[in-house]
Protein chains: 2
Amino acid sequence: MRTRDVNKENLIQEKAIEMIVKQGLDGFSMQKLAKAANVSPATLYIYYKDRDDLITQLATSVSNRLMETSLKGMHPKMSFADGLELQWKNRMEFFFKYPLDVEFIEQIRYMPTYDSVRDNIRKNFGDVLGKFVHNAINRGELQPLPFEVYWSMAFAPLYQLIKFHAQGNSPANASFRITDDMVKQTLELVIKALKP
Amino acid sequence: MRTRDVNKENLIQEKAIEMIVKQGLDGFSMQKLAKAANVSPATLYIYYKDRDDLITQLATSVSNRLMETSLKGMHPKMSFADGLELQWKNRMEFFFKYPLDVEFIEQIRYMPTYDSVRDNIRKNFGDVLGKFVHNAINRGELQPLPFEVYWSMAFAPLYQLIKFHAQGNSPANASFRITDDMVKQTLELVIKALKP
DNA sequence: TGCATAAGTGAATGAATATTCATTTATATT
DNA sequence: AATATAAATGAATATTCATTCACTTATGCA
């Protein structure tokens, strides 16, 4: 039996993400991807059922890696400030290591395709995060809030900063770059907001 | 001289937004749009130079309407809490009135296409918002912060809530709906964070 | 060594794509 | 009413698209 070429598999994923980030989902095609990855179009259909499946699998894989990184070193009993700081640090680390991956997720996050990915995240990581938040509330380190309110305060500002950086552009500044100080400052504001 | 059919023009815009929101940018085509709007494909090229121009013009128009709504009743000397609350209220009003428009913008916000739209926003509304923030800082009602940090705290949580609502889905809840209380609560957290 | 089997291919197919063009239609002005 | 002119059209074009299929290639195992 012939063996699967793992390098080829990785190259396909890499090029697909690169293409989608740089040209958008509608500038992305199976034939262009095949050419970019030095592979026959038919090969793509060995790895993926169809175009939609390719995108979903890609999103699932990247999301899982991002969530795993974000929860590295987390345990549900951590203090709220420490736990949130750790998650921010982990996410920033991931962003600087794999900026295209983050942009890729941001780009497909609001598409119908992403629904199943979200379910997957909830299933795999909802437990740890749910417990962390629950414990923090019980210890009085975090206001009791609807989860959505919590999530919107806890992470949306970070992602907005990342977006500004990724597009090198903000409402006030046409060549914006994120700094560690900025992230730290924003995190402090978030913690201030969420503490009782 | 034959006169331009304004209803037709509006219908085209409406259908285009509807299609892009429901099927994504890559499920959107000129021919499908023409059919949906009961128009010849060639007619679209009277209104728009090409596909890209159509999308950019659409985004610019919607963004301007959103920003106009968001600044309704604003004057730069307003107290910080009042001004931010007014902008949140205005944005929510717009969202409930034109949910598709907001989803449309969220969907193309992270694409290369959107760059010129962002420039346009900065040019048209940067002044009012800049002055509002500046005054609030001078009066000691707002921490002096890099504009990007301010913006990330001031609006990203609201948009995250809106996204949860629009997709009827959140990390914790598979059938999420926003409530006025939630928005109010989140706004209070934001103001708490941003006050000195 | 050679066989079984999955990996990988290149060319082909039919459908869908963006855009154009010669033509027709409606109306504001004369 | 006649005319000028921009709006609007339907059919056509060349291109690109996702997907398939008959075929070749590489390799684990017998």
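To find a chain, count down the sequence lines: A is the first, B the second, and so on, and within it residues start at 1.
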Review point. So, are Arg109(B) and Glu106(B) salt-bridged, with charged N and O less than 4.0 Å apart?
Key: yes
Exercise for review: Give a yes or no on whether a salt bridge exists between Lys72(A) and Glu93(A), defined as a side-chain N under 4.0 angstrom from a carboxylate O.
Suggested key: yes
**Study point:** DNA chain C contacts among residues 14-21 of chain A, heavy-atom distance under 4.0 Å
**Key:** none
Practice item. Check the angle between the aromatic planes of Tyr98(A) and Phe94(A) and answer parallel, tilted or perpendicular using the 30° and 60° thresholds. Key: tilted
Check your understanding: Should the ring pair Phe132(A) and Phe80(A) be called parallel, tilted or perpendicular, given that the plane angle runs from 0 to 90° and is split at 30 and 60?
Key -> parallel
Within this structure, what is the [atom1]-to-[atom2] distance between [X] and [N], rounded to whole angstrom?
X        : N       : atom1 : atom2 : result
Lys35(A) : dA18(D) : NZ    : C1'   : 15 Å
Tyr48(B) : dA7(D)  : OH    : C1'   : 15 Å
Arg51(B) : dA18(C) : CZ    : C1'   : 9 Å
Asp26(B) : dA18(D) : CG    : P     : 9 Å
Ile46(B) : dT5(D)  : CD1   : C1'   : 13 Å
Asn7(B)  : dA8(D)  : CG    : P     : 11 Å
Asp53(B) : dT19(C) : CG    : C1'   : 14 Å
Lys32(B) : dA16(C) : NZ    : P     : 9 Å

Review point. Between the side chains of Gln185(B) and Asp181(B), is a donor N or O closer than 3.5 angstrom to an acceptor N or O?
Key: no
Exercise for review: Report yes or no: do Asn10(A) and Glu14(A) form a side-chain donor-acceptor pair below 3.5 Å?
Suggested key: no
Can you give me the N/O atom pairs linking the protein to nucleotides 20-25 of chain C at distances under 3.5 Å, or say none if there are none?
{"unit_1": "dT25(C)", "atom_1": "O2", "unit_2": "Arg2(B)", "atom_2": "NH1", "d": "3.0"}

Review point. Is the number of heavy atoms from other residues, nucleotides or ligands within 6.0 Å of CG (Asp180(A)) greater than 12?
Key: no
Exercise for review: Please say whether more than 12 non-hydrogen atoms of neighbouring residues, nucleotides or ligands are located less than 6.0 Å from NZ in Lys15(B).
Suggested key: no
Exercise for review: Return the 5'-most residue of the pair Lys8(B), Gln31(B) with respect to DNA chain D, ranking by each residue's nearest nucleotide.
Suggested key: Lys8(B)
Exercise for review: Classify the nucleic acid contact of Thr3(B) as base, sugar-phosphate or nothing, counting any heavy atom under 4.0 Å across all strands shown.
Suggested key: sugar-phosphate
Review point. If you look at every strand shown and take non-hydrogen atoms under 4.0 Å, does Phe28(A) touch a base, only sugar-phosphate, or nothing?
Key: sugar-phosphate
Review point. Is the distance from OP1 or OP2 of dA8(D) to the nearest side-chain N or O of Tyr47(B) less than 4.0 Å?
Key: yes
Review point. Does Ser29(B) make a side-chain N or O approach to OP1 or OP2 of dA16(C) shorter than 4.0 Å?
Key: no
Check your understanding: Going through the checks in order, is the salt bridge (charged side-chain N to carboxylate O under 4.0 Å, His left out) test met by Glu188(A) and Lys184(A)?
Key -> CA-CA 6 Å; Glu188(A) 273 160 19; Lys184(A) 210 169 162 186; 5.6 Å; no
